[in-house]
**Student:** 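Before anything else, here's the structure in question.
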Amino acid sequence: MLRFLPYAAVGVLWLFCLVDVITSREDSVRNLAKTWWLLIVLFFPLAGSIVWLVAGRPQPERPMTRGQGAAPGFPEYERRGRFASADPERDEDFLRKVRERAEEQRARYEAERREEQRRREQGEDPVP
């Protein structure tokens, strides 16, 4: 039984590497074309599998860093000086407009709700 253990281990390694070569993307395989790796692993089970794992298997893709041109996670928070107001007068104007718009929306919602309640009380069909 123990005599067959090394052969079984080589067989499992060979099968893993064979499937790995077949399922890896052509453009991510290193050093040789995918077809050559398939032939090497197929005809040289132990040596080909080890060489595939060391020299041919695709490297895991690492996310790009900011230095490589990756977009930051939250650019609005990463800009220097973002927390400081550039023009307090414009900020006040913006906040005033936001408050006005919010009040307008609240008033419109309340009017629609009152109208719907009135229609229900009078037994009218609600407007879709």
Side-chain angles (χ1 to χ4, degrees):
M1 181 69 171
L2 291 175
R3 233 178 345 168
F4 297 111
L5 192 59
Y7 297 112
V10 169
V12 169
L13 175 68
W14 177 73
L15 190 60
F16 169 78
C17 290
L18 193 61
V19 170
D20 198 28
V21 169
I22 292 170
T23 58
S24 60
R25 288 186 10 216
E26 179 77 38
D27 61 339
S28 64
V29 174
R30 296 181 297 150
N31 297 322
L32 292 174
K34 183 176 169 178
T35 308
W36 286 109
W37 281 117
L38 183 62
L39 292 173
I40 290 171
V41 170
L42 195 61
F43 290 120
F44 305 102
L46 180 60
S49 297
I50 292 171
V51 172
W52 162 253
L53 292 174
V54 172
R57 192 163 195 236
Q59 296 292 326
E61 294 180 16
R62 296 184 188 131
M64 291 174 59
T65 62
R66 294 266 326 258
Q68 295 170 332
F74 299 98
E76 61 272 11
Y77 296 123
E78 294 179 5
R79 267 189 290 157
R80 279 186 238 141
R82 174 65 182 105
F83 58 92
S85 174
D87 186 4
E89 195 172 299
R90 287 181 62 195
D91 284 349
E92 286 300 320
D93 186 44
F94 172 75
L95 291 174
R96 182 181 48 75
K97 288 179 182 177
V98 168
R99 287 187 199 106
E100 288 173 1
R101 194 171 345 132
E103 287 300 321
E104 184 180 303
Q105 289 172 347
R106 279 190 209 104
R108 190 177 330 125
Y109 172 75
E110 288 295 324
E112 289 173 3
R113 199 176 76 180
R114 281 192 301 265
E115 180 66 25
E116 185 178 326
Q117 187 176 12
R118 183 190 64 78
R119 286 178 188 225
R120 268 196 236 132
E121 289 173 357
Q122 292 180 355
E124 295 178 14
D125 289 333
V127 176

**Student:** Which heavy atom of Arg30 sits nearest a heavy atom of Ala55, and at what distance?
**Tutor:**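 Heavy atoms only, the tightest pair is CB-O, 3.5 Å.
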
**Student:** Among the clusters formed by ILVMFWY side chains lying less than 4.5 Å apart, do Leu15 and Val10 turn up in the same one?
**Tutor:**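 In one cluster with Leu15: Val10, no.
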
**Student:** Between Glu104 and Arg108, is there a side-chain N and carboxylate O pair less than 4.0 Å apart?
**Tutor:**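 Judged by the 4.0 Å cut-off on N to carboxylate O distance, Glu104 and Arg108 do form a salt bridge.
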
**Student:** Is a salt bridge present between Arg96 and Glu100, judged by a nitrogen-to-oxygen distance below 4.0 Å?
**Tutor:**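 So Arg96 pairs with Glu100 through a salt bridge.
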
**Student:** Tell me who clusters with Val98, hydrophobic residues only, linked when side chains sit under 4.5 Å apart either directly or through other members.
**Tutor:**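 Hydrophobic cluster check, Val98: joined to Phe94, Leu95.
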
**Student:** Can you hop from Phe44 to Val41 via hydrophobic side chains spaced under 4.5 Å?
**Tutor:**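 They do share one cluster, since a chain of ILVMFWY contacts under 4.5 Å joins Phe44 to Val41.
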
**Student:** Between Lys34 (side chain only) and Ile22 (backbone N and O only), is there a donor and an acceptor less than 3.5 Å apart?
**Tutor:**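 Such a contact is found between Lys34 side chain and Ile22 backbone.
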
**Student:** Heavy atoms only: give me the nearest Leu53-Cys17 pair and the separation to one decimal.
**Tutor:**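 Taking every non-hydrogen atom into account, CG-SG, 3.8 Å.
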
**Student:** May I have all residue pairs that pass salt bridge (charged side-chain N to carboxylate O under 4.0 Å, His left out) and include part of residues 42-58, sequence neighbours excluded?
**Tutor:**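 Pairs touching residues 42-58 that pass the test: Asp20-Arg57.
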
**Student:** How close do Gly48 and Ile40 get, counting heavy atoms only, and between which atoms?
**Tutor:**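 Distance-wise, the nearest heavy atoms are CA-CG2, 3.7 Å.
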
**Student:** State plainly whether one hydrophobic cluster holds both Leu32 and Leu39, where clusters connect Ile, Leu, Val, Met, Phe, Trp and Tyr through side-chain heavy atoms under 4.5 angstrom apart.
**Tutor:**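 Cluster IDs for Leu32 and Leu39 match.
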
**Student:** Tell me which one of Arg101, Arg99, Arg106 satisfies side chain to side chain donor-acceptor pair (under 3.5 Å) with Glu103.
**Tutor:**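 Exactly one candidate clears the test, Arg106.
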
**Student:** My understanding is that only one of Arg119, Arg118, Arg120 makes a side chain to side chain donor-acceptor pair (under 3.5 Å) with Gln122; could you say which?
**Tutor:**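 When side chain to side chain donor-acceptor pair (under 3.5 Å) is applied between Gln122 and each of Arg119, Arg118, Arg120, only Arg118 qualifies.
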
**Student:** Quick one: are Trp52 and Val29 in side-chain contact, heavy atoms under 4.5 Å?
**Tutor:**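 Trp52 reaches Val29 side chain to side chain.
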
**Student:** Going hydrophobic residue to hydrophobic residue with side-chain gaps under 4.5 angstrom, can you get from Tyr7 over to Val12?
**Tutor:**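 Different clusters.
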
**Student:** Would Phe43 end up clustered with Val21 when hydrophobic side chains under 4.5 Å apart are linked, directly or stepwise?
**Tutor:**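 Same cluster.
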
**Student:** Would Glu116 and Glu112 count as a side chain to side chain contact (heavy atoms under 4.5 Å, CB included) here? Give the steps.
**Tutor:** CA-CA 6 Å; Glu116 185 178 326; Glu112 289 173 3; over 6 Å; no

